[in-house]
Amino acid sequence: MVDCFYFLLLRPLSEKKSDLPTKKSRVHFILILNINLLILIDMMTREQYIESLRKMKMNVWYMGEKIDNPVDHPMIRPSLNSVAMTYWLAEQPEYQDVMTVVSNLTGKRINRFCHLHQSTEDLVNKVKMQRLCGQKTAACFQRCVGMDAFNAIYSTTYEIDQKYGTEYHKRFTEYLKYVQDNDLTIDGAMTDPKGDRSLSPSKQSDPDMFLHIAEIRPDGIVVRGAKAHQTGAVNSHEHLIMPTQAMKEEDKAYAVSFAIPTDAEGVTMIYGRQSCDTRKLEKYHDIDLGNSQFGGHEALVIFDNVFIPNERVFMCQEYDFAGMMVERFAGYHRQSYGGCKVGVGDVLIGAAALAADANGVTKASHIKDKLIEMTHLNETLYSCGIACSCEGCKMAAGNYMINLLLANVCKQNVTRLPYEIARLAEDIAGGLMVTMPSEADLRSKEIGHYVEKYLKASPDFTTEERMRILRLIENLTLGTAAVGYRTESMHGAGSPQAQRIMISRQGNLESKKQLARDIAKIKGSEKK
């Protein structure tokens, strides 16, 4: 019913008197219209999202220069377009079930990226949504971290309040209502620079290597430090901060969680470099970028004595809950990789198949086998994302948590399988992918005909089409998109060793040993 009403809402009313409904039916139509407004009013359009960022006064730096207008900057805009796609997809009736959901907090229909998971079905739909967004952008669409932070902080603040009688959960619930009502993009920020990894936060020679509470005031706190590798920071309305690891009492100043607008005083963002990034600044860059419309980004976010009012503080020195928040966020985010990386993988597999067509090798048995293997690996990742979602459970706060063991297995596979998918894609593409002349050469009046002539292969593809396909593969495996696909597959949501630690912790080896004892008829269950 909602899809039909959505159509009615956007459809202009006829101005012909004969086409107007009767008084009775007109009231009925308006009633439907009002119900629909309640459902859809809290979601921004793609255009509204872009304009909302244009109104902000962010402190953004790139290549040593301050960027006054990051929204329209050629280096940044492709990554903004990826986030904008999450808004556009939510507008489309055919994607409403996966992209939108009714909020448990407000009863209004919201973008799923702002949602608290209320069932295992919600967890599954999250993964499906992420795969869809990856398919549509072939890049990192940057809203997953905020969504995962919402769910981790929501359940953790509930349990902090249960123990200490604080009001963090109430504060966070009100904050999340604000996020949902305004359909905001949030940068979930966990990773600190860390300094000397052998030392705890409080033992660092420079205390700012971990973001920390510098001062506690009656009306709030002052924080100092930084968050590194922040996905989509410049494209976000706010930063939602979490501690980066489990803490001891001596580290309690570093056990802090809060929210702050991206353009708040004292917040500086230094935009990260990516491979082949300055191609965006070249005169002829459409082909050479591979994916000229979409992209992702990371930034180093500095907090230079930033004031946080009490109503936006969700953890303040409760060090014994830092590890819980980290573990829950990591679990949700490791689940995410079973969706987003799979969607991008779908594009890479399609590009490899097109490259085979353009090269004229489609019928070769080894090419067919490689495409099958790429599909097998990609669907294995998706299976893990779906499995940890289906095995989820309800938390004390009411939202749902994924199966932590399976989520870590999912991410462990993501640290490996995309590399093999990328290797096979490069194999199929051939060496021309990295030796090909530029688009400027193709467009040259003097030498363009040589490029046109000698890079031609299958008669079913023009030279330009072949170049576009190969550049897309280059972009996904070696270029700017590799940050959000291959390299992030290794380091995003924690290192491979972090997942192995969690797999060891969650694997319940003793119970498995007992199963073997029972079958083998070995008496006793104590360790020998």
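Computed from heavy atoms alone, side chains included, the values below leave out hydrogens, waters and symmetry copies. Numbers for residues simply follow the sequence, beginning at 1.
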Between [X] and [Y], does at least one N-O distance fall below 4.0 Å, as a salt bridge requires?
X      : Y      : value
Glu474 : Arg279 : yes
Arg468 : Glu464 : yes
Asp68  : Lys66  : yes
Arg443 : Glu439 : yes
Asp122 : Arg112 : yes
Asp187 : Lys227 : no

Inset, instruction - Assess Arg143 against Tyr87: is NZ or CZ under 6.0 Å from the centre of the six-membered ring, and within 45 degrees of the ring's axis? - result: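 Output yes; distance and angle both within limits.
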
Inset, instruction - Could you tell me whether Lys370 atom NZ has more than 12 heavy atoms of other residues or ligands within 6.0 Å of it? - result: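 Yes, enclosed.
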
Inset, instruction - Decide yes or no on side-chain hydrogen bond (donor to acceptor under 3.5 Å, both in side chains) for Asp148 and His333, but give the supporting numbers first. - result: CA-CA 6 Å; Asp148 294 336; His333 206 45; 2.7 Å; yes

Legend entry - Passing candidate, side chain to side chain contact (heavy atoms under 4.5 Å, CB included) with Thr480, options Met75, Arg273, Lys280: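 Single side chain to side chain contact (heavy atoms under 4.5 Å, CB included) partner of Thr480 among Met75, Arg273, Lys280: Lys280.
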
Inset, instruction - Return the orientation label for the Tyr49 and His237 ring planes: parallel under 30°, perpendicular over 60°, tilted otherwise. - result: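 Because their plane-to-plane angle is over 60°, the rings of Tyr49 and His237 count as perpendicular.
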
Inset, instruction - Look at the aromatic rings of Tyr450 and Tyr454 and report parallel, tilted or perpendicular, splitting at 30° and 60°. - result: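 Ring orientation of Tyr450 relative to Tyr454: parallel.
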
Legend entry - Polar contact flag, side-chain donor to acceptor under 3.5 angstrom, Asn408-Arg505: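 Absent: no donor and acceptor within the cut-off.
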
